[in-house]
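First up is the structure itself, then whatever we jot down about it.
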2 protein chains.
Amino acid sequence: MLKYELIEQDIQRKIEEGIYKPNDQLPMEREMCEEYGVSKITVKRAMDALVSKGLILKRRGSGSFVQDIDIRDGRGAFGSVSGEVGGFTVDMESTGRQISSIVHLFEVVIPPEKVVEQLKISADTFTYHILRTRCLDGVPAATEETWMPIDVIPGLKLEHLQGSIYSFIRDELGHKVHSAHRTLRARMPDAQVQSFLKLENSVPVFEVEQICFLDDRRIFEYSVTEHPGDKYEFFTVSFNRNV
Amino acid sequence: MLKYELIEQDIQRKIEEGIYKPNDQLPMEREMCEEYGVSKITVKRAMDALVSKGLILKRRGSGSFVQDIDIRDGRGAFGSVSGEVGGFTVDMESTGRQISSIVHLFEVVIPPEKVVEQLKISADTFTYHILRTRCLDGVPAATEETWMPIDVIPGLKLEHLQGSIYSFIRDELGHKVHSAHRTLRARMPDAQVQSFLKLENSVPVFEVEQICFLDDRRIFEYSVTEHPGDKYEFFTVSFNRNV
DNA sequence: AAGTGGTCTAGACCACTTC
DNA sequence: AAGTGGTCTAGACCACTTC
């Protein structure tokens, strides 16, 4: 664990335990440097991470303060797209709910042109084509349509689809997922998605289209995920640049 | 302009002008330090900003590479929620389209309980209540329902609503907008939003609920914005933490 | 072993806020 | 003027990739 991560965790714990209360001013960064025995830039990095999470707010010249916020507490939604990569499993793991998968389709095909473009492969490359519904505690929380080139992810079997494809990539292929480019949209589900997610009529879906990169820069996945619009949201903190 | 911003811009320009081409390896950071006459951490910061924009990809031990991406090019959508604060005007300004506003409602009221909670005000505080439709080149691109405490934003007039409220806050009140907490959702519009946005039946909206902070930590705005789901998307880059 | 990005130090100097 | 966060330096040392 890196130093700034340890400090970030420690401060977050103090906020969660109420040692630092909403609207409290935090110790100044120079004091924290002494307390943790690190340099200024390391404390700053930990604090900046907490700002991104919406837990604190910093003001130059004035200090850092615990945000008076209860938004993050969930409100019964399934969860939110995190800033981290790791697919559905990682996004939902933290909720402590039981994850299961229904595999509707698992085939190897020449993908449609749009997918060829997104994966940056030649038009005659075989890819897995996977359709799954992911459930939390037995309730459908997402459908995923995924394409992956078979030569980038060799040896994928049905059993891996029951769990997390990302675990397979990490543990059996020895690759790491580097990053993902995600585009979020609101749209209406088609009839298939509607039935997979057991949606009432007139419930839209929150769509996450993503391209995922391995640590060796190869694109290994293009996927489109649909979440029930009435149970899913995405939280983000934005800043002014000239702060 | 800060050093790392200048470097970020310079590298971005070189990518856009094709001096650095897709999949090209960029000069290593140590070389860039010499080229720009700055220290390592400053180059790193510029490069990290480009990674967040999805323009480059970095690999420890290997180098930094221009991403082979055309996703960012728009596809005719109105635009996307940026990482910056500044409301609709700033989000859309970069598109070069003409912005106009229709003010449907501008009143001062005691807000409903939910708004009181979000603004962290006492229950008897007067607030502006504003309902606007924002148009790009005359086409409805968003409806905004906004509440702002009158004592935080004194002197707001109808004329300011025709343009950008954020300009009024900056130029006439001398405040800066510090940051915003945003929650994104997919949902169906109510009849009013549907008519304001001139949506066909069965077109969902992309909802952005936000709480905005001034530079003195006061909450000055709670707003809910609805964008046409068929014309709006949000782009984001996610990373693995243990990179 | 060489290449390359990441973390971290110790501190200078700056910008903004508060008094 | 004092308080407090931001940018930046010059460099040490580390972790991962490539050969």
Side-chain angles (χ1 to χ4, degrees), chain A residues 1-9 11 24-52 56-67 170 173-179 213-218 239-243, chain B residues 1-9 11 24-52 56-67 170 173-179 213-218 239-243:
Chain A
M1 183 94 83
L2 297 167
K3 283 191 187 179
Y4 79 87
E5 290 178 322
L6 289 167
I7 296 167
E8 175 189 343
Q9 279 189 7
I11 300 170
D24 273 5
Q25 178 161 9
L26 293 165
M28 71 174 185
E29 298 194 353
R30 278 169 180 80
E31 284 175 38
M32 289 190 173
C33 293
E34 281 198 29
E35 182 188 343
Y36 293 105
V38 299
S39 76
K40 219 181 135 197
I41 240 167
T42 305
V43 167
K44 184 184 187 314
R45 189 154 178 186
M47 296 286 278
D48 284 347
L50 295 171
V51 172
S52 292
I56 68 171
L57 187 151
K58 303 169 87 175
R59 296 180 68 206
R60 190 202 297 223
S62 176
S64 298
F65 302 83
V66 179
Q67 284 281 46
R170 187 184 60 235
L173 296 184
H175 280 303
K176 277 189 191 150
V177 176
H178 180 282
S179 58
F213 300 86
L214 284 181
D215 52 0
D216 61 4
R217 296 179 45 225
R218 286 184 296 170
F239 309 92
N240 253 330
R241 277 210 108 174
N242 52 344
V243 167
Chain B
M1 181 94 82
L2 297 167
K3 283 191 186 178
Y4 80 87
E5 290 179 322
L6 289 167
I7 296 167
E8 177 190 341
Q9 280 190 6
I11 300 170
D24 272 6
Q25 177 160 9
L26 293 164
M28 68 174 188
E29 297 192 352
R30 277 169 181 82
E31 284 175 39
M32 288 190 173
C33 293
E34 282 199 26
E35 182 187 343
Y36 293 107
V38 301
S39 75
K40 221 182 132 194
I41 239 166
T42 305
V43 167
K44 184 183 187 315
R45 188 155 180 187
M47 296 287 277
D48 284 346
L50 295 170
V51 172
S52 292
I56 68 172
L57 187 152
K58 302 169 87 175
R59 296 179 68 206
R60 189 204 295 225
S62 177
S64 299
F65 302 83
V66 179
Q67 284 283 46
R170 187 183 61 235
L173 296 184
H175 280 304
K176 277 188 192 151
V177 177
H178 180 281
S179 58
F213 300 86
L214 284 182
D215 52 0
D216 60 6
R217 295 178 46 225
R218 285 185 295 172
F239 310 91
N240 253 330
R241 277 212 108 174
N242 52 345
V243 166

note = Atom CD of A:Glu29 and atom P of D:dT7 are separated, to the nearest Å, by 11 Å
key: Bracket notation of DNA chain C in which parentheses pair within the strand, [ ] cross earlier pairs, and | pairs with another strand (Watson-Crick or G-U, under 3.5 Å)   = ||||||||||||||||||.
ask   = Taking NZ from B:Lys3 and P from D:dT7, how many angstroms apart are they, rounded to a whole number?
value = 13 Å
key: A:Arg218: salt bridge (charged side-chain N to carboxylate O under 4.0 Å, His left out) partners, not counting sequence neighbours   = A:Asp216
ask   = C:dT4, D:dG5, D:dC8: which one has an atom nearest the side-chain heavy atoms of B:Ser39?
value = D:dC8
message = Nearest to the A:Arg45 side chain among C:dT7, C:dG5, C:dC8, which nucleotide is it?
response = C:dT7
Spatial distance of atom CD (B:Gln67) from atom CD1 (B:Ile56) [nearest 0.5 Å] = 8.5 Å
request  = For B:Glu5 and D:dT7, give me the distance from atom CD to atom C1', rounded to whole Å.
outcome  = 11 Å
ask   = Reading nucleotides 11-19 of chain C 5' to 3', which nucleotides get B (base under 4.0 Å from a protein heavy atom), which S (sugar-phosphate only), which -?
value = -BB-BBBS-
inquiry  = Judged by each residue's nearest nucleotide on DNA chain C, which is more toward the 5′ side, A:Met1 or B:Met47?
reply    = B:Met47
query = D:dT7 P sits how many Å from B:Tyr36 OH, rounded?
reply = 19 Å
request  = With sequence neighbours excluded, tell me which residues meet salt bridge (charged side-chain N to carboxylate O under 4.0 Å, His left out) with A:Lys44.
outcome  = A:Asp48
ask   = Whole Å only: how far is the CE atom of B:Met32 from the C1' atom of C:dT4?
value = 12 Å
Length of the line joining A:Asp48:CG and C:dT7:C1', which is rounded to integer Å = 15 Å
note = A:Ile56 atom CD1 is separated from D:dG5 atom C1', nearest whole Å, by 11 Å
message = In this structure, how many angstroms lie between the P atom of C:dT9 and the NZ atom of B:Lys44, rounded?
response = 15 Å
task = Measure the shortest side-chain to side-chain distance between B:Thr42 and B:Ile7 over non-hydrogen atoms and say whether it is less than 4.5 angstrom.
result = yes
ask   = What nucleotide among C:dT4, D:dT7, D:dA10 has an atom nearest to a side-chain atom of B:Gln25?
value = C:dT4
query = Who are the ring-ring contact (aromatic ring centres under 6.0 Å, His included) partners of B:Phe213, not counting sequence neighbours?
reply = B:His181
request  = For A:Leu6, check side chain to side chain contact (heavy atoms under 4.5 Å, CB included) against everything at least two apart and list the hits.
outcome  = A:Met1
query = With sequence neighbours left out, what residues match B:Phe65 under ring-ring contact (aromatic ring centres under 6.0 Å, His included)?
reply = none
remark   = Contacts satisfying salt bridge (charged side-chain N to carboxylate O under 4.0 Å, His left out) that involve residues 24-33 of chain A (not counting sequence neighbours) are A:Glu29-A:Lys58
inquiry  = OP1 or OP2 of C:dT9 versus the side-chain N and O atoms of A:Thr42: is any pair under 4.0 Å?
reply    = yes
inquiry  = Under the rule for salt bridge (charged side-chain N to carboxylate O under 4.0 Å, His left out), what residues qualify as partners of A:Arg45, not counting sequence neighbours?
reply    = none
